[in-house]
Structure formats: C-alpha cells, structure tokens
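What follows is a set of notes on a single structure, which appears directly below.
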Number of protein chains: 2
Amino acid sequence: MLEIKPSRQKPKQQTEPLPPAVPPAGLTIAEASRRTGVSVHTLRYYERAGLVVTVVDRTPGGRRRYHQQDLDWILMCTKLRATGMPIKTVHRYAQLVAAGHGNEEERLALMEDHRAEVAARLDELRQNLKLIDHKIDVYRGRLAAGEAEQLWAPEGRAKAG
Amino acid sequence: MLEIKPSRQKPKQQTEPLPPAVPPAGLTIAEASRRTGVSVHTLRYYERAGLVVTVVDRTPGGRRRYHQQDLDWILMCTKLRATGMPIKTVHRYAQLVAAGHGNEEERLALMEDHRAEVAARLDELRQNLKLIDHKIDVYRGRLAAGEAEQLWAPEGRAKAG
DNA sequence: GTACAATTTAGAGCGTGCTCGAAATCAAGC
DNA sequence: GCTTGATTTCGAGCACGCTCTAAATTGTAC
C-alpha cells in the first residue's frame, strides 16, 4: 500500500522551537545543562562515572565544550536512566559502544535484558494504575453520595480505605 | 451484544493455589513476610514509619500476629510503593485512612495527584521503550548482516550506538 | 590590567528506602 | 526446666544517585 504523505513543501523554515544548532565552537557546560535538562553537577558526574562515550571537547584552558554528539549521547543516557537502568549498566553499555563494532551480541543482550525489565514494570504499573483508579472511583462515589444526602451514611463499618 | 461466557459451573472448589486462610490466631511475622513478599525487616520498618493503618495484633509476649486485614493493607502499600509513591506519601495516606470517613476530598486529591504522576511516567516509559526496541532492532540488523557476510561492513564510520 | 562570573577537581554530604546488628525476650519441643 | 530458634527494639549501616563544597583557575567585559 502506497500512501502519499502530505510532504512539507518548503522545509526551509520550521516554526517549531527546535533548539538552535550547536555552534562549531561548542557549548559551555551551562548551555549543555540547559539543553539536556541535566544539572552541571550531574553532567560532570556522568562523565566521571564513565557514562559519556563521547570525549567531550575542552578549551585550551580546560573548560568543557559540548558538541551535538555529546548532547545526543547524554540524552540517550537520560532515557536509559529514566527507564530505570542503573548507572553501572549504562556504564557497561557505554564501554561496549566505546569498544566499537564487533560486540553487538553483548549490546543486544544488554538491551534485551533491559527491555524485558522495562516491559515487566510497564505491566506492573498499568496494573497498579487500575488500583489507583479504583480508589479514585470509590472516593468520588463517597463524595457524591455525601454531598447529595449529608446524613445518610452509605456504609456502616466498611473496610478501611 | 450479549455473549454467553463459559461460566464455571460449580465454583465449589477452586483449583487455583489461593493462599490458605489466615488462622484466627493470626500469622507470625515470618509467615506474613512470605505471604506479602515483604521482608520481616521491612514489615517492621513500615510499621515504625506509620504506613500500616491497621493495628497489628500482638501475643501477650509482644510478638506480632498478622490478620488478613493487615496483609491486605500491606499489599496495598507495596502497590503504591511500586508506583513510586514515596514512603512519606503512603504515610500521609495511611493517616487519612486512619482518621476515618470525612476526609475523602483529601484522599481523592492525594490519589488524583499520584495518578497523574503515574500516568506521566507510563507515557515516558512507553516512549523510552520504543527507543530500546529501536536499539534492539539496530543490533539485530547488524548481527544478521554480519552473520550473512562476515567481511562486508555495513557501515563505515556510523554514529556511535 | 582588573574585576567578576563561570568552570575545574576531588571529595564530602545527603535523601531515600531499605537492611542489618546486638542484646534482650519469647515460645515450642523435649 | 532447658535448649533452640524466632522475634523484639532501635539505632547504625548501606547502596544508589545525585548534589554540594572549596580552593584554584579561566574567560569575558570593561
């Protein structure tokens, strides 16, 4: 099935607030922090901890200068972290990536393991969300009943909750 | 649309491994731990921390004796914890429940707030799961290509990952 | 050149949520 | 009664992931 997508005719100017391109000189750590949402402390911590596979550029004086690839990788790290991957595992992953092609089996295994964990937690979360929704229903019900008829107690010694 | 579900004809005996009923004398903390999946250390910690709204029974000598309602509440706590509700918040919730009927607005607000957070994290998790799946696809693709034709490098200086 | 803000490092500190330890006490079997 | 193992309290300890500090250095604006 072929489908003609309404292509943007002139992608010259995007009205989306895309982040401005990283200047060739790179970004200060403060800018990198703004763009990634990661504090400067944590940026340095991630680097120390070996999460950052790219080698962040430095000025002659030793200040970090972040380029797009650094930001990309750091954002990747934040997403892995957001799925609950421990720092240690991100570190291992970074080492595999840094080692270059040839260890795709290991990367695959690492990601598949992690995927299984994330999927399991997703299921658990969904399940527990139902419970929360049930609780919310109960309280809304009680409030509706209470407001409609103050003196009628809809439950005598109901179970707590 | 009405649909006849194949109903269990005689629900007299359930073959499911339902947990045996809690004896009237109650369960030891070790048993309660087994049934809730919460370590005895953590059971005591939860009680200390004010998460347990039910008052756990004691033997004359001071040993805890858990009844079904205790287990129910503790399991509820573990589910709230599993959705990322902090101990402090579970504690507040327990206080509201302990205070009895009349604070349903507060309970509702607490649960609604939490629901929103859980829903947001669910969305984020789903989004990030896609990224993980993408990575897995990439590695599977590389492995398939590599196995099919050892000497052909499908990418020269590709971006890291 | 001077002032001032930003950045550097290594290490200490902190918040959360358990997890463990020690000494005392209790309970169950013999 | 005695032994043995479970349980008690409560404070300390620990793993994790940041977060902050301090003193030195660098970069920028004037």
Side-chain angles (χ1 to χ4, degrees), chain A residues 23-52 55-67 70-71 74-94 114 117 121 124, chain B residues 23 25-52 55-67 70-71 74-94 114 117 121 124 128:
Chain A
L27 304 175
T28 65
I29 194 170
E31 266 296 309
S33 170
R34 260 201 346 88
R35 294 209 189 187
T36 58
V38 177
S39 78
V40 297
H41 294 297
T42 302
L43 282 175
R44 290 191 277 250
Y45 164 62
Y46 279 3
E47 208 176 310
R48 254 194 296 174
L51 304 200
V52 184
V55 179
V56 177
D57 201 14
R58 299 279 182 138
T59 67
R63 269 83 218 276
R64 292 174 179 82
R65 284 298 115 98
Y66 289 83
H67 298 282
D70 304 315
L71 304 184
I74 289 160
L75 284 171
M76 169 80 188
C77 289
T78 64
K79 281 163 189 173
L80 292 177
R81 292 285 305 115
T83 57
M85 184 182 281
I87 293 282
K88 210 170 284 186
T89 308
V90 182
H91 180 207
R92 275 207 299 118
Y93 180 57
H114 186 57
E117 281 168 30
R121 281 198 305 110
E124 195 191 5
Chain B
L27 303 174
T28 66
I29 194 171
E31 265 297 307
S33 171
R34 261 203 344 89
R35 293 208 191 186
T36 58
V38 177
S39 78
V40 298
H41 294 297
T42 302
L43 281 175
R44 290 192 277 251
Y45 165 63
Y46 278 3
E47 210 176 308
R48 254 196 294 175
L51 304 201
V52 184
V55 179
V56 177
D57 201 15
R58 298 281 181 136
T59 68
R63 268 81 218 275
R64 291 175 179 83
R65 283 299 115 97
Y66 289 83
H67 298 282
D70 303 315
L71 303 184
I74 288 160
L75 284 170
M76 169 80 188
C77 289
T78 64
K79 281 162 188 172
L80 292 177
R81 292 285 306 115
T83 56
M85 184 182 282
I87 292 282
K88 210 170 284 188
T89 308
V90 182
H91 180 207
R92 275 206 300 117
Y93 179 57
H114 186 56
E117 281 168 32
R121 282 200 304 111
E124 196 192 4
N128 289 334

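Because the structure is predicted, anything quoted here is derived from the model rather than measured. Atoms considered below: every heavy atom in the structure, side chains included; atoms not considered: hydrogens, waters and symmetry mates. Every chain is numbered from 1 and lettered A, B, ... according to where its sequence line falls, protein lines coming before strand lines.
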Query - With sequence neighbours excluded, residues passing side-chain contact (heavy atoms from CB on, under 4.5 Å) with B:Arg63 - result: B:Thr59, B:Arg65

Requested in this report: Provide the closest heavy-atom pair for A:Leu80 versus A:Tyr93 in the form atom of the first, atom of the second, distance.
Outcome: CD1-CD2, 3.9 Å

Query - First of B:Ile87 and B:Arg63 reached from the 5' end of DNA chain C, by closest nucleotide - result: B:Ile87

**Report entry** Upstream residue (5' side of DNA chain C) when B:His41 and B:Arg65 are each assigned their closest nucleotide
**Finding:** B:His41

**Report entry** DNA chain C: 5'-most and 3'-most nucleotides touching chain A, 4.0 angstrom heavy-atom criterion
**Finding:** C:dA6 to C:dG11

Requested in this report: Using a cut-off of strictly less than 4.0 Å, decide whether A:Thr59 has a side-chain nitrogen or oxygen near OP1 or OP2 of D:dT26.
Outcome: no

Query - Comparing A:Met85 and B:Arg64 on DNA chain D - which has the more 5′ nearest nucleotide - result: B:Arg64

Query - Phosphate OP1/OP2 of D:dT19 contacted by A:Thr42 side-chain N/O (<4.0 Å) - result: yes

Query raised in the report: Contact class for A:Ala49 (heavy atom, under 4.0 Å): base, sugar-phosphate, or nothing?
Result: nothing

Query raised in the report: To the nearest Å, how far apart are A:His91 NE2 and D:dC18 C1'?
Result: 17 Å

Query - Non-neighbouring partners of A:Thr36 that pass side chain to side chain donor-acceptor pair (under 3.5 Å), sequence neighbours left out - result: none

Requested in this report: Calculate, to the nearest 0.5 Å, the distance between atoms CZ and OG1 belonging to B:Arg48 and B:Thr42 respectively.
Outcome: 10.0 Å

Query raised in the report: Would you say D:dC18 has OP1 or OP2 under 4.0 Å from some side-chain N or O of A:Tyr46?
Result: yes

Query raised in the report: Side chains of A:Glu47 and A:Leu43: closer than 4.5 Å at any heavy-atom pair?
Result: no

Query raised in the report: Salt bridge between B:Glu31 and B:Arg34, side-chain N to carboxylate O under 4.0 Å?
Result: yes

Report task. Grab the CZ-P distance between A:Arg48 and D:dT19 for me, whole Å please. Result -> 13 Å

Query raised in the report: Atom CG of A:Leu43 and atom C1' of D:dT19: how far apart are they, to the nearest Å?
Result: 13 Å

Query raised in the report: How do B:Glu47 and A:Arg44 order along DNA chain D: which one's closest nucleotide is nearer the 5' end?
Result: B:Glu47

Query raised in the report: What nucleic acid atoms does A:Pro86 come within less than 4.0 Å of, heavy atoms only: base, sugar-phosphate, or nothing?
Result: sugar-phosphate

Query raised in the report: What are the two closest heavy atoms between B:Asn128 and A:Lys79, and how far apart are they?
Result: OD1-CG, 3.3 Å

Query raised in the report: Atom CZ of B:Arg34 to atom P of D:dT7: distance rounded to whole Å?
Result: 12 Å

